[in-house]
K.L.:
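My questions will all concern the structure given below.
This one's a predicted model, so the numbers in the text were calculated from it and none came from an experiment. Chain letters run A, B, ... following the sequence lines, proteins first, then strands; residues in each count from 1.
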Amino acid sequence: MLSTRFALAALAGVLISGTVQAADKFVPEVLTVEERIQPGPNLFVLDQSWDGSSQTVVLSQDDLSVKGNLSFGIVGQMVANSDFSRLYSLSHYAKRITYGPTESVLQEFDVSTLSLLREVVVPEKAAQVAPSNAILKISHDDRYAFIQNATPATSVTVVDLETGSVLQEVPTPGCFGVFPAADSVKFTTVCGDGRFQSFSLAADGRFGSPDSSDKIFDPDKDPVFIVGKRAGDELLFVSFFGTVYRVSDSDKAPRLISKKSFTEGTEGQWAPGGVDVVAYNEAHKVLFVTMHSEAYNGSHKNGAEEVWAVDLASAKVLGRSEVKHLVSLSVTDGEQPVLFGLDEEGVLYRYQVKADAGFALEETNTVEDVGGWAIFSIAGS
Amino acid sequence: MLSTRFALAALAGVLISGTVQAADKFVPEVLTVEERIQPGPNLFVLDQSWDGSSQTVVLSQDDLSVKGNLSFGIVGQMVANSDFSRLYSLSHYAKRITYGPTESVLQEFDVSTLSLLREVVVPEKAAQVAPSNAILKISHDDRYAFIQNATPATSVTVVDLETGSVLQEVPTPGCFGVFPAADSVKFTTVCGDGRFQSFSLAADGRFGSPDSSDKIFDPDKDPVFIVGKRAGDELLFVSFFGTVYRVSDSDKAPRLISKKSFTEGTEGQWAPGGVDVVAYNEAHKVLFVTMHSEAYNGSHKNGAEEVWAVDLASAKVLGRSEVKHLVSLSVTDGEQPVLFGLDEEGVLYRYQVKADAGFALEETNTVEDVGGWAIFSIAGS
Amino acid sequence: MPRMIDRLFNLIDKTSEQSTRKAAQSFGRRSFLAKAGTVMAGAMLAPVLPFDRSLGGAAFAGTLEDENDCSYWKHCALDGNLCSTSGGSLTSCPPGTEASKVAWVGTCRNPADDKDYLVSYNDCCGRATVPSSTFCFTSEGERPGYRMGLHNDINWCMANTNKGYHCTVSVVLGVANG
Amino acid sequence: MPRMIDRLFNLIDKTSEQSTRKAAQSFGRRSFLAKAGTVMAGAMLAPVLPFDRSLGGAAFAGTLEDENDCSYWKHCALDGNLCSTSGGSLTSCPPGTEASKVAWVGTCRNPADDKDYLVSYNDCCGRATVPSSTFCFTSEGERPGYRMGLHNDINWCMANTNKGYHCTVSVVLGVANG
């Protein structure tokens, strides 16, 4: 053993000038590995790469300090389970990263230890899309994962998280985006004809044919962003031109509750724009929307000049705050909401929402370079 | 067939407002794939990633226009064959990019078509090192590839490019860097005791025990950069403090030809610094070196303030040119040298060398963002 | 079924006049938003960003002729890196890459004749993007995935075996009759 | 043989006083130069860059106490991302990562007692770097690969199964007797 050690010392050729002395009072430091992340509510930021590891950075909601990260494959998406104790990624591993056969993988991570729990290989038709809240979802009971496919024909892969296997591929022709129901195993999707469709788990343990709504929106004249946010037993969608569509998904078939514009009558041709353009706070029943002025055909991805607070019931604008060029928002629930904004350059902003002062945003913290292309976040609890 | 098509149209839900009309004179454009890169001499720039695809960008030596790229795995290295018609990469593919079992792969590409010709899986002990000219090399006759290993014990994997298989792992304890001979199948390496060792292909088709030089340099007091450049039947190395070591590798054992300082007697504590700190032009027998002032312990990776032209025979400084923060150089052979410099921010500079005016550098072209971390280039022919 | 789809979309590649025009009505494909630095480079070039009013009408007109500029008319719905700055051209993939089997479609007005044209945006596939290539971020007539053929947030290398997104071409398929 | 090496280097992890000090004499390990933006961020923080003379003596002294600053004394030969800004600390790897089995060594002077200490720079392994983490780029006493134990251009996750470079810690092993 000793001889091996000395041989190795010679191999590595290390000749430190000076030797270690026993300093009476010196106690050598000990290398360890942290077992758990720092406590407190988490913000999850997705940094998506198309030619390398995508990752989720986990930060403190309080001060945006970094608690750690998770890394996975290219064009990654993420979603958390209902209590934010598990984070799921969907990403893609080609044999040579950007070429060769692709393996698409759902990965389950434990949030408190940032450890990989397991992997489920899913059909490689899983959509490779920019960061989105519509591609990877978990059912209300944390039992199933839903994955949007595109070949470009569309379908949804259902993964049974109890068995860790693919349950079914559900065809969803002409529709895109997955939005699970709040109290049943069901998902709703948005279709190119302006209707919504719901697919429910039937008694036979399979998802059968869809239950369809009437036409809810006009995809030509007032297309909705596929950014559906849960508000109780409703799903909220905002259109390119600033209409809030409230869609009930608590019955068998989805149904329009109301459709109201929050831009009508406003000067300056304001419109929503960006990526994850809407965040919803439950306590105040308020939407926050990334807004830009002088909208034109094709400006719907432009970053915000302002964030507007919009009342869910009335679609009245309760407040407008100037912001840097934000493209995505997430917000905490509760009476004192904290809003998180991301721009396209990897800057993350934290705002305290002044609910009693017209929902004005007070910037409290920022992180630069939170990712190379970090434009999607989830505010956990 | 037709019904399938219409079904698909419905699936994808595309409803372009407006239909295509047969415009009498309009000829639709045709999508093609370029068969070959643009002609003319190439510059190869390595953009190394540690969590995604590394790549080689191929540019025109004349105007730095991009001709295309090649992509491979993480921590990639590159080398060209003798006539620059083949480019080889060494890189690493872990199952989950940054975790899981690793496959280290030598890939051979055809330069004119930028196509992958073949792959050889090599032992995963291949060193994962910052971009370097010492890690991956090709023998003078283009028959063998040499790959530096580190576990951290060091060895060299020899790949037979005729059979496309690993020939041998040659132990090189205490030594690092591979520098093939100019006219025989042999490589020389630099050792921690200040000696150089050569390993030759023996009659039995194997690399046997090394032939060692006397002590050539002092690794404590005047360590050399592992940036060996070929100059005829010599290898050139430059030290942290500005000594040029000319080492002959044309006999069985390497041998010091001369050792001369080009910084001695210069004001300002100038020293070489960066990554690929030396480039050598054969026509003028001149070295170009990235130089910084006020050198200190640990400044040997600092970028340059000036590039110095140094005469090989006399080690006299023939010229000094101010440059931006360059860390790596490559240069063309010939009477009118063109020098290429890279900084750490992915900016590439092209300089015309004024050989008749003190080897002054005239900046002619630049490319920004030639890579995220592109600090190594090869000037082909 | 997948084979059917492949066959159909392959028609786009072959670009025979008849089939292409019809196929173009039905399908689309598109690239993605690139990484940080590049995104902003592209964003700066985008024609009428409300956040950069320094680009006046004159500047805009002046760049119309440069096909490597994101304001070039054919790029009106292109969210990706230009192949013409990646070793290819406006209508050709760089050497060593492969053309995507499927594509998305834009309708762009040519200022020269004031007509609308259908533009097929094919991705070129199988390797990483060229870092210095021009990233464009325009979305005229773009729609989310429920109008897949107009959607440009998705990797249109999806139907290829080698799916790595490399760059995007703008291929004019025909005159659109508004 | 590989198993022997593993066993030997594992001693560093266990960091029992005796074995560590001796092992530290023999081996080293180190991270790498990070990607562009980060590199420069780190470079700006490095103590005595000749290209940034704005950092006068006072400024330098003022940052000595901040262990997340690259000028902190323990980081004198650290070329990598600080684990203390990645979810770990100066001596601990972030949760979910693993410590490298091998390490490189620096000799750094502690300004508090003006003594030289041996510092083991271990990499933490198995995932991508945290983009916002502080990148340091110091190389006091650093040597090329022919002095492997002092070399910091190599990925010191080399002996781990999960080799992805994540960040680097600075663990003080003992007093060096110059």
K.L.:
Check whether any side-chain N or O of D:N155 sits under 3.5 Å from a backbone N or O of B:Q128 as a donor-acceptor pair, and report yes or no.
P.N.:
no
K.L.:
Among D:A128, D:G126, D:G164, who wins on heavy-atom pairs under 4.5 Å with chain B?
P.N.:
D:G126
K.L.:
Not counting sequence neighbours, which residues clear side-chain hydrogen bond (donor to acceptor under 3.5 Å, both in side chains) with B:D222? List them please.
P.N.:
B:S239, B:T243, B:Y245
K.L.:
Between atom OG1 of D:T138 and atom NZ of B:K301, what is the distance when rounded to the nearest 0.5 Å?
P.N.:
8.5 Å
K.L.:
Would a distance-only check, ignoring hydrogens and angles, find a side-chain to backbone donor-acceptor pair under 3.5 Å from D:R143 to B:D220?
P.N.:
yes
K.L.:
Is there side-chain contact between D:F137 and B:E344, with heavy atoms separated by less than 4.5 Å?
P.N.:
yes
K.L.:
To check you understand the geometry: which heavy-atom pair defines the closest contact between D:T161 and B:T102, and what is its length?
P.N.:
O-OG1, 4.3 Å
K.L.:
Is B:D51 salt-bridged to D:R127, going by a charged N under 4.0 Å from an acidic O?
P.N.:
no
K.L.:
Assess whether atom CG of B:D214 is packed by more than 12 heavy atoms of other residues, nucleotides or ligands within 6.0 Å.
P.N.:
no
K.L.:
Please check if the number of heavy atoms outside B:K215 that lie under 6.0 Å from its NZ is greater than 12.
P.N.:
yes
K.L.:
B:Q168: what forms a side-chain hydrogen bond (donor to acceptor under 3.5 Å, both in side chains) with it, not counting sequence neighbours?
P.N.:
none
K.L.:
First locate atom OG of D:S139, then atom OH of B:Y296, and finally report the distance between them rounded to the nearest 0.5 Å.
P.N.:
8.5 Å
K.L.:
Side chains of B:T151 and D:M158: does their closest heavy-atom pair fall under 4.5 Å?
P.N.:
no
K.L.:
Using heavy-atom distances under 4.5 Å, tell me whether B:H92 contacts chain D through its side chain, its backbone, both, or neither.
P.N.:
neither
K.L.:
When heavy-atom pairs shorter than 4.5 Å are enumerated against chain D, which of B:G100, B:A94, B:S132 gives the highest number?
P.N.:
B:G100
K.L.:
Any idea which heavy atoms bring B:I226 and D:P144 closest together, and the distance?
P.N.:
CG1-CB, 3.3 Å
K.L.:
Looking at every heavy atom in both B:T154 and D:M148, which two are closest together, and how far apart are they?
P.N.:
CG2-CE, 3.7 Å
K.L.:
So what's closer than 4.5 Å to chain D heavy atoms on B:Q148: side chain, backbone, both or neither?
P.N.:
neither
K.L.:
Which heavy atom in D:E142 sits nearest to a heavy atom in B:F240, and how many Å separate them?
P.N.:
O-CE2, 3.7 Å
K.L.:
Check whether B:V75 gets within reach of chain D through its side chain, its backbone, both or neither, counting any heavy atom under 4.5 Å.
P.N.:
neither
K.L.:
Measure the CG-CH2 distance between D:N81 and B:W50 for me, rounded to the nearest 0.5 Å.
P.N.:
10.5 Å
K.L.:
Would you please indicate yes or no on a ring centroid separation below 6.0 angstrom for D:Y146 and B:F196?
P.N.:
no
K.L.:
Mind checking the NE2-OG1 spacing from D:H166 to B:T98? Nearest 0.5 Å is all I need.
P.N.:
9.5 Å
